[in-house]
J.: 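Sharing a structure here in structure tokens format.
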Amino acid sequence: VQLQAFGGGLVQAGDSLRLSCAASGRTTSNNAMGWFRQAPGKEREFVASISWNSGFTYYDDSVKGRFTISRDNARSMVYLQMNSLKPEDTAVYYCAQERRSVAGSNFQGRYWGKGTQVTVSS
């Protein structure tokens, strides 16, 4: 399974961005998907996850109410709608696939994509 995140960019505080993650290869719709981010000098951190059938979503408190994760299994795509962006959201964002069908903050990525840079200016 190959994952590729895209859609990042440079925006101002308060703006919105929509990240996309395309899956290719031996993809299945039976796995939870998630988004992580890594800011300069910091460890990678969990942002959001979505279960295999979109019935369950989980967000880190820092993005709850501002970010929305979604998926389109027919297209093998996962999205992260980011609203009301803040400078502290600046990071490289990665998408990942879980081994399990549902996962929250204990999400453990089995496959990882190359990240996309999000920069939020104040």
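This structure is a prediction, so every number in the text was calculated from the model and none was measured.
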J.: Closest approach of W52 and V102, non-hydrogen atoms and distance?
T.: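 Here W52 and V102 meet closest at CD1-CG2, 4.5 Å.
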J.: Under 4.5 Å between any side-chain heavy atoms of V78 and C95, yes or no?
T.: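 Counting from C-beta outward, V78 and C95 never come under 4.5 Å.
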J.: Looking at K86 and D89, is there a salt bridge between them, counting it only when a charged N and a carboxylate O are closer than 4.0 Å?
T.: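 So D89 does not pair with K86 through a salt bridge.
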J.: Taking it one step at a time, do F36 and Y94 satisfy ring pair (Phe, Tyr, Trp, His ring centres under 6.0 Å)?
T.: CA-CA 5 Å; F36 286 72; Y94 301 88; 8.7 Å; no
J.: Can you hop from Y111 to Y93 via hydrophobic side chains spaced under 4.5 Å?
T.: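 Same cluster.
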J.: Could you give the distance from OG (S49) to CH2 (W35), rounded to the nearest 0.5 Å?
T.: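 Rounded to the nearest 0.5 Å, the OG-CH2 separation comes out at 13.0 Å.
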J.: Just wondering, more than 12 heavy atoms not from R99 lying within 6.0 Å of its CZ?
T.: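 For R99, atom CZ is not crowded (no more than 12 foreign heavy atoms under 6.0 Å).
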J.: Taking C-beta and beyond as the side chain, do C21 and Q4 meet within less than 4.5 Å on heavy atoms?
T.: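 No, too far: nothing below the 4.5 Å cut-off.
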J.: Test Y59 against T57 for side-chain contact (heavy atoms from CB on, under 4.5 Å), laying out the working first.
T.: CA-CA 7 Å; Y59 299 91; T57 56; 3.7 Å; yes
J.: Using side-chain hydrogen bond (donor to acceptor under 3.5 Å, both in side chains), reason through E88 and T90 one step at a time and then give a plain yes or no.
T.: CA-CA 5 Å; E88 50 264 44; T90 295; over 6 Å; no
J.: I'd like to know whether OH of Y79 has more than 12 heavy-atom contacts from other residues, nucleotides or ligands below 6.0 angstrom.
T.: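 Yes, OH of Y79 has more than 12 neighbouring heavy atoms, counting only those of other groups under 6.0 Å.
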J.: Atom CZ in R18, atom CG in L80: separation rounded to 0.5 Å?
T.: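 Interatomic distance, R18 CZ to L80 CG, rounded to 0.5 Å: 10.0 Å.
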J.: Answer yes if F46 and F56 sit in the same cluster of Ile, Leu, Val, Met, Phe, Trp and Tyr residues linked by side chain heavy atoms under 4.5 Å apart, and no otherwise.
T.: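 Yes; F56 is reachable from F46 via cluster members.
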J.: Let me check something: do V63 and I69 share a hydrophobic cluster, defined by ILVMFWY side-chain heavy atoms less than 4.5 Å apart, either directly or through other members?
T.: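 Same cluster.
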J.: CZ of R66 to OG of S16: how many Å apart, nearest 0.5 Å?
T.: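 Rounded to the nearest 0.5 Å, the CZ-OG separation comes to 10.0 Å.
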J.: Taking only residues two or more places apart in sequence or in another chain, which ones pass side-chain hydrogen bond (donor to acceptor under 3.5 Å, both in side chains) with Q38?
T.: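 Per chain and number, Q38 pairs via side-chain hydrogen bond (donor to acceptor under 3.5 Å, both in side chains) with no residue.
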J.: Is any NZ, NE, NH1 or NH2 atom of the basic residue among E45 and R37 found under 4.0 Å from an Asp or Glu carboxylate oxygen of the other?
T.: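 Yes, charged N to carboxylate O under 4.0 Å.
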J.: What heavy-atom pair brings V92 and Q117 nearest, and what distance separates the two atoms?
T.: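 Minimum heavy-atom contact is CG2-OE1, 3.2 Å.
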J.: Is there a side-chain contact between Q12 and V120, using heavy atoms and a 4.5 Å cut-off?
T.: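 No, their side chains stay 4.5 Å or more apart.
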J.: Just verifying a value: how many Å separate L19 CG and M82 CE, rounded to the nearest 0.5 Å?
T.: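 One finds 3.5 Å between CG of L19 and CE of M82.
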J.: May I have the step-by-step check of side-chain contact (heavy atoms from CB on, under 4.5 Å) for V47 and D60, ending in yes or no?
T.: CA-CA 5 Å; V47 175; D60 183 76; 5.6 Å; no
J.: Are any of the side-chain heavy atoms of L85 and L17 separated by less than 4.5 Å?
T.: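 Contact flag for L85/L17 side chains = yes.
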J.: Do the side-chain N and O atoms of N83 and Q81 include a donor-acceptor pair separated by under 3.5 angstrom?
T.: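 Yes.
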J.: Set out, in order, the CA-CA distance, both residues' side-chain angles and the distance that settles side-chain hydrogen bond (donor to acceptor under 3.5 Å, both in side chains) for R71 and N73, then state yes or no.
T.: CA-CA 6 Å; R71 66 189 295 168; N73 288 340; 2.7 Å; yes
J.: Applying side-chain contact (heavy atoms from CB on, under 4.5 Å) to R100 and N31, what does each step give before you reach the verdict?
T.: CA-CA 6 Å; R100 298 168 291 177; N31 303 90; over 6 Å; no
J.: Determine the minimum heavy-atom distance between F107 and M33, stating which atoms define it.
T.: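 Between these two residues, the closest heavy atoms are CE1-C, 3.4 Å.
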J.: Atom CZ in R75, atom OG in S29: separation rounded to 0.5 Å?
T.: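 Spacing of CZ (R75) from OG (S29) equals 15.0 Å.
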J.: I'd like to know if the side chain of T116 reaches the main chain of G8, judged simply by a donor and an acceptor atom lying under 3.5 Å from each other, with no hydrogens or angles considered.
T.: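 At least one qualifying donor-acceptor pair exists.
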J.: Minimum heavy-atom separation for A32 and A103, please, with both atom names.
T.: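 The answer is CB-N, 3.9 Å.
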J.: Between K64 and Y58, does the side-chain contact (heavy atoms from CB on, under 4.5 Å) criterion hold? Intermediate values first, please.
T.: CA-CA 9 Å; K64 199 172 295 183; Y58 192 88; 5.8 Å; no
J.: Assess whether atom NZ of K42 is packed by more than 12 heavy atoms of other residues, nucleotides or ligands within 6.0 Å.
T.: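 Count not over threshold, so no.
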J.: With rounding to the nearest 0.5 Å, note down the distance linking CG in N30 to OG in S51.
T.: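 Spacing of CG (N30) from OG (S51) equals 11.5 Å.
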